[in-house]
Amino acid sequence: MNKGQQHEGEHRAKIKKMQEMLNNTEQNIKDTEFAIEHADTAAAREKRRDKNAQRMEAVEDTRREIEEERSNL
């Protein structure tokens, strides 16, 4: 394996890991949306909405990172 192939493999592994993290975060968002609907108090709903807002920002950041890594292939 030459150096270029090694770097390509590293980029692919990083993309795979980030995609797994992205999938997990998206599932957490869905789970939290369900929890918001069933929360007992307005404070609990607001706390979960805030957390999901943070997660959505992280999703966008991760998507950009994945695209950057793909451009290195």
Side-chain angles (χ1 to χ4, degrees):
M1 177 183 289
N2 67 34
K3 212 172 199 178
Q5 289 172 325
Q6 182 178 1
H7 287 299
E8 184 176 318
E10 290 170 4
H11 289 296
R12 288 187 190 284
K14 189 172 181 180
I15 290 168
K16 182 179 177 184
K17 181 69 174 172
M18 285 190 294
Q19 188 62 53
E20 289 171 3
M21 290 170 38
L22 184 64
N23 293 343
N24 289 339
T25 302
E26 288 174 334
Q27 185 60 51
N28 287 340
I29 290 170
K30 289 177 186 175
D31 293 344
T32 300
E33 288 295 326
F34 179 81
I36 288 169
E37 292 175 21
H38 298 91
D40 292 337
T41 66
R45 284 189 292 277
E46 187 62 26
K47 182 178 178 180
R48 289 178 175 122
R49 282 188 188 107
D50 289 345
K51 185 64 178 173
N52 262 2
Q54 293 171 357
R55 287 181 177 130
M56 286 186 248
E57 288 180 27
V59 163
E60 290 306 313
D61 291 342
T62 302
R63 285 184 179 144
R64 279 192 291 278
E65 287 182 50
I66 289 170
E67 286 307 310
E68 285 179 33
E69 286 299 317
R70 285 187 177 139
S71 71
N72 292 318
L73 295 176

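Residues passing the salt bridge (Lys or Arg N to Asp or Glu O under 4.0 Å) test with Asp61, sequence neighbours excluded: Arg64.
With rounding to the nearest 0.5 Å, the separation of NZ in Lys30 from OG1 in Thr25 is 12.0 Å.
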What pairs of donor and acceptor atoms, side-chain ones from residues 51-59 against any protein atom, are under 3.5 angstrom apart with sequence neighbours left out?
unit_1: Asn52; atom_1: OD1; unit_2: Arg55; atom_2: NH1; d: 3.1
unit_1: Asn52; atom_1: ND2; unit_2: Ile29; atom_2: O; d: 3.2
unit_1: Asn52; atom_1: ND2; unit_2: Glu33; atom_2: OE2; d: 3.1
unit_1: Arg55; atom_1: NH1; unit_2: Thr32; atom_2: OG1; d: 2.7

Show which side-chain atoms of residues 65-73 pair as donor or acceptor with protein atoms under 3.5 Å away, not counting sequence neighbours.
unit_1: Glu67; atom_1: OE2; unit_2: Arg70; atom_2: NH1; d: 3.0
unit_1: Glu69; atom_1: OE1; unit_2: His11; atom_2: ND1; d: 2.4
unit_1: Glu69; atom_1: OE2; unit_2: Lys14; atom_2: NZ; d: 3.4
unit_1: Ser71; atom_1: OG; unit_2: Glu68; atom_2: O; d: 2.5
unit_1: Asn72; atom_1: ND2; unit_2: Glu68; atom_2: O; d: 3.2

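Side chains of Asn24 and Glu20: no donor on one and acceptor on the other come within 3.5 Å. Side-chain contact of Gln27 with Asn23: a donor-acceptor pair under 3.5 Å is absent, judged by distance alone.
Apart from Ile36 itself, the hydrophobic cluster it occupies contains nothing, where clustering links Ile, Leu, Val, Met, Phe, Trp and Tyr at side-chain heavy-atom distances under 4.5 Å. When hydrophobic residues (I, L, V, M, F, W, Y) are linked wherever their side-chain heavy atoms come within less than 4.5 Å, Met21 remains an isolated member.
The side-chain hydrogen bond (donor to acceptor under 3.5 Å, both in side chains) analysis of residues 36-50, with sequence neighbours excluded, yields no pairs.
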